[in-house]
Amino acid sequence: MTIKMTTHVILGLSLGAAVAGGCATSRPPSERLESSAASISGAQQAGAENVPRAALYLQLANEQSAKAKGLIAAGGGDNMKAASTLLMRASADGDLAIALADDDKDRVAAEQAVANIHTFEQETK
Amino acid sequence: MTNPILILSALAGFGLAACASAPSRELVDARSAYARASSGPAARVVPAELHKARVSLDTAENAFANDSSDQRDLAYVAERRAQLAEVLAKRAEHAGVRVKAEATLASEKEADHIQTKNQLEHTKTDLAGAEHDAADQRARASEADQRAAESDRRLKAMQLEFAKYAEVKQEPRGMVITLSGSVLFASNKAVLLPEARTRLGHVAAALMETKERHLDVEGYTDSQGKDEYNVELSQRRADAVRIYLVSNGYPPDLIVAHGAGNTMPVADNATPEGRANNRRVEIIVAPGDGVSMR
């Protein structure tokens with residue numbers, strides 16, 4: 001009985017691995033799709049479109065994301081793999097766009113804080 | 001400062017390049033971006049982000065070493081990770097500048113607030129002092145008004161009292177109490193008659209009410225007789241009145257006696273009635289706290 005059960009388990013695991021392996025190449029890269037979408041959305045919310053350096057990377061992210069979606073729509077293992085790579089790049093561009101947009105706001109805030117000191121000193125002179 | 005990891009990476013890169021193809025433009029850019037980030041403030045400010053960039057670059061380097069098909073994409077991502085570390089370091093620097101500036105501003109505002117508060121306290125103190133002084137002045141003015149009113153009241157009362165025993169007039173030189181010479185003295189004498197003492201006693205009692213005032217006692221005669229004699233007689237009569245008032249308690253240093261003879265007649269010396277009116281003694285009570293105006 002023990003031998004029979006062990007055989008069933010090995011068979012099941014092998015079958016599962018084979019199915020999983022077969023699906024891995026043709027299934028859409030949903031994690032990277034979500035990740036890149038979050039990065040792009042985050043960059044837009046951070047106002048990346050209005051910050052020239054950030055806008056460039058947001059544009060790159062959008063372009064690569066659009067291209068990846070086209071490949072996913074076309075289907076096929078190679079397309080899925082290429083789409084996954086493009087989405088990885090899109091995520092990296094989106095993350096950089098977020099940071100650049102936030103950095104611009106931080107820079108403006110810092111400059112304003114310094115200007116506030118000068119204004120106060122002028123007013124109380 | 002030479003980063004040993006960079007040197008190893010470079011050596012590895014050269015070694016691999018010698019036995020494989022040249023690195024892609026993406027990998028070259030990634031190496032450059034990482035070198036720049038690791039030599040800047042990112043190593044100190046955002047070491048975790050720089051580490052992620054390092055891991056990403058290592059992955060790209062491995063892919064290149066293995067001639068993996070996604071080596072260019074991994075290098076692309078590695079460059080972005082290095083750039084991200086640099087930007088995050090800048091963000092931290094900007095935040096530091098802002099926090100420091102806000103702290104400076106808050107400190108300056110606090111100092112200004114304290115200074116303003118102190119100035120306000122000083123102003124309040126000065127104002128309180130001024131109000132206190134004004135209150136004192138008002139109190140003094142009120143007291144002076146009360147004293148003046150009391151003095152006037154006493155003067156009027158005195159005036160009414162004098163009117164019972166003598167003629168009283170209010171003149172610029174003060175209140176003038178005129179006592180007829182015939183009532184006070186016998187002819188050619190300077191000794192007070194008993195009736196005169198009674199009258200003068202009433203006048204003296206009234207004067208004691210205001211004994212802080214200066215008195216001028218002036219004696220006058222009619223025009224009969226020699227002027228020198230008349231002056232001498234009028235002086236003695238004025239002195240007699242003065243002595244009587246002093247003996248009744250009036251301060252001697254406030255009374256001056258003066259004989260004016262037949263000067264300043266108040267009536268016609270050609271008639272007996274006129275001469276009787278000219279023979280007189282006048283007591284002039286000085287106005288206010290001053291001396292009489294002659």
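Side chains included, hydrogens not; waters and symmetry mates left out as well; all remaining heavy atoms used.
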Per-residue contact mode, B:K109 against chain A (heavy atom under 4.5 angstrom): both

Nearest heavy-atom pair of A:D103 and B:H94: which atoms, and what distance? OD1-ND1, 2.9 Å

Looking only at non-hydrogen atoms, find the nearest pair between A:I117 and B:A101 and report the distance. CD1-O, 3.3 Å

Go through B:L105, B:L88, B:V97, B:T116 and name the one with the most non-hydrogen pairs under 4.5 angstrom from chain A. B:L105

At a heavy-atom separation under 4.5 Å, does A:Q64 approach chain B through its side chain, its backbone, both, or neither? side chain

Which bit of B:S56 comes within less than 4.5 Å of chain A, counting heavy atoms only: side chain, backbone, both or neither? neither

Considering only heavy atoms, which portion of B:D73 lies under 4.5 Å from any heavy atom of chain A: side chain, backbone, both, or neither? both

How many angstroms lie between atom CG of B:D70 and atom OG1 of A:T85, to the nearest 0.5 angstrom? 6.0 Å

Taking B:R81, B:Q83, B:E108 one by one, which has the highest count of heavy-atom pairs under 4.5 Å against chain A? B:E108

Other residues, nucleotides and ligands only: do more than 12 of their heavy atoms fall within 6.0 Å of CD on B:E150? yes

So how far is it from B:K90 NZ to A:D102 CG, rounded to the nearest 0.5 Å? 14.5 Å

Here the gap from B:H113 atom NE2 to A:T124 atom OG1, rounded to the nearest 0.5 Å, amounts to 14.5 Å

Ranking A:M88, A:R107, A:E121, A:R89 by heavy-atom pairs under 4.5 Å to chain B gives rank one to A:R89

Using side-chain heavy atoms (C-beta onward) and a distance below 4.5 Å, is B:R80 in contact with A:L60? yes

Does B:K100, at its NZ atom, have more than 12 non-hydrogen atoms belonging to other residues, nucleotides or ligands within less than 6.0 Å? no

